[in-house]
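Per chain, numbering begins at 1; letters A, B, ... match sequence-line order.
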Number of protein chains: 2
Amino acid sequence: MDMPIRTADQVELDRLNSALGFLMRLAQLKIYERFFEEVGEHNLKPGEFSVLWVILHNPGIRQSVLGQRLMIKRAHMTKLIRALEDQNLVSRKVPDGDRRAVEITLTPEAVTRVKQASQWFFTYEESVGANLTGDERQQLTALLRKFVGLG
Amino acid sequence: MDMPIRTADQVELDRLNSALGFLMRLAQLKIYERFFEEVGEHNLKPGEFSVLWVILHNPGIRQSVLGQRLMIKRAHMTKLIRALEDQNLVSRKVPDGDRRAVEITLTPEAVTRVKQASQWFFTYEESVGANLTGDERQQLTALLRKFVGLG
DNA sequence: CAAAATTTGTTTACAAAGAAACAATCTCCC
DNA sequence: GGGAGATTGTTTCTTTGTAAACAAATTTTG
């Protein structure tokens with residue numbers, strides 16, 4: 001009868017169904033969507049939070065290294081850091097050893113703020129993948145860690 | 001001693017190390033990066049390809065349904081479809097039943113083009129996750145499929 | 001049936017992220 | 001020591017995607 005497709009779950013994806021890159025993109029988008037639904041505007045976006053968190057645990061880290069680890073391009077990192085600086089959350093210091101580089105540290109306010117934010121952030125993170133069993137979630141985490149080359 | 005961190009793999013991520021959302025974002029970025037390294041400008045970007053692929057397999061699909069399945073927002077979908085229309089790859093038709101909607105079909109050229117593009121696209125997709133064993137890759141795919149709700 | 005609410009797609013304005021060109025510094029090597 | 005080349009960060013421009021307001025058609029409901 002050639003009934004037009006009316007709902008998303010009737011859509012035929014064919015080979016896309018087992019394409020790793022495609023599935024990963026979908027997964028990521030789903031996580032983001034849920035993040036903004038649940039956490040709303042908690043005044044620190046996930047990107048900002050992870051940047052601040054990493055600086056907290058690596059005081060004086062250089063912009064370039066931070067960017068490499070979080071896969072943020074230099075051009076974009078410049079903007080992120082400046083925005084954080086404008087909010088008085090980080091301070092930049094050009095080290096004596098290498099005057100091209102910039103070393104970044106949290107301000108005391110930011111330390112408090114990040115520790116506080118970490119509560120809801122990780123609470124959310126733990127709720128991600130709630131439709132999986134504990135084992136599956138565990139496996140997924142391990143596989144992703146291997147996939148991205150973390151330990 | 002306070003040696004500054006010099007390389008990305010010395011960075012302490014602490015709890016971020018097992019945060020599913022974080023790992024997923026990293027994984028996705030890694031896939032994209034490799035995609036552009038390897039496939040370069042093959043004249044069809046991954047987003048465009050998947051849109052066209054899904055239209056190929058669901059001729060006459062509505063913009064809204066397409067967007068729901070691929071998690072593309074309406075506003076953005078409008079632009080994507082227009083761009084594809086400008087390249088003479090899709091045609092739009094307002095169905096009689098519901099004159100708000102738009103049904104999309106591939107042009108004959110696009111059918112050829114997508115089938116051709118599918119060769120390198122899926123070749124790339126199969127190379128994703130080459131640092132995992134076959135079993136692991138298989139598991140990861142299955143877990144992601146469950147995660148995103150693809151039965 | 002008519003008013004209210006919803007769906008669908010578009011437009012406009014904006015935010016997030018990348019690419020390329022650039023300047024300053026540093027490293028390497030002759 | 002002094003250029004050639006690499007690194008580091010910034011700037012500018014462009015692409016990609018989202019948000020909010022809107023218009024038109026449809027569905028709901030009183």
* To do: Please work out which of the three classes, parallel, tilted or perpendicular, describes the rings of B:Y124 and B:F35, given edges at 30° and 60°.
  => perpendicular
* Distance, rounded to the nearest Å, where A:Q68 contributes CD and C:dG18 contributes P -> 14 Å
* **Spacing between A:Y32 atom OH and C:dA16 atom P, to the nearest angstrom** => 10 Å
* Take the protein atom CE of A:M77 and the nucleotide atom P of C:dA16, then report the distance between them rounded to whole Å. => 15 Å
* To do: Could you tell me the separation between the CZ atom of B:F36 and the C1' atom of D:dT16, rounded to a whole number of Å?
  => 11 Å
* Rounded to the nearest Å, what distance is computed from the CD atom of residue A:Q28 to the P atom of nucleotide D:dG17? -> 12 Å
* Which nucleotide in the list D:dT16, C:dG9, D:dT8 gets nearest to the side chain of B:S64? -> C:dG9
* Asked: If you count the non-hydrogen atoms of other residues, nucleotides and ligands that lie under 6.0 Å from CG in A:D86, is the total more than 12?
  -> yes
* Asked: Hey, are the side chains of A:S91 and A:I104 touching, using non-hydrogen atoms and a 4.5 Å cut-off?
  -> no
* Does A:K79 put a side-chain nitrogen or oxygen below 4.0 Å from OP1 or OP2 of D:dT11? -> no
* To do: Can you tell me the distance, in whole Å, between the CZ atom of B:R62 and the P atom of C:dT10?
  => 14 Å
* To do: Please report, rounded to the nearest Å, how far the C1' atom of D:dT16 is from the NE2 atom of B:H76.
  => 6 Å
Using a cut-off of under 3.5 Å, enumerate the N/O to N/O pairs linking the protein to nucleotides 20-25 of chain D.
from	atom 1	to	atom 2	distance (Å)
D:dA25	O3'	B:R99	N	3.4

* Asked: Does a side-chain heavy-atom distance below 4.5 Å link A:R25 with B:M71?
  -> no
* Structure fact -> In whole angstroms, the gap separating P of C:dA16 from CG of B:L29 amounts to 16 Å
* First encountered from the 5' end of DNA chain C, between A:I72 and B:I81 -> B:I81
* Asked: Can you tell me if B:N58 uses its side chain to pair, donor with acceptor, with the backbone of B:V54 under 3.5 Å?
  -> yes
* Describe, in one word, how the ring planes of B:F122 and B:W53 are oriented to each other, choosing from parallel (under 30°), tilted (30 to 60°) and perpendicular (over 60°). => perpendicular
* N/O (side chain, A:K73) to phosphate O (OP1/OP2, C:dA16) under 4.0 Å -> no
* Asked: Got a donor-acceptor contact below 3.5 angstrom from the B:T107 side chain to the B:N88 backbone?
  -> yes
* Asked: Which nucleotide sits closest to the side chain of A:R92: C:dG9, C:dA17, D:dG9?
  -> D:dG9
* **Closest listed nucleotide, where the reference is the side chain of A:T78 and the choices are D:dT11, D:dG17, C:dG9** => D:dT11
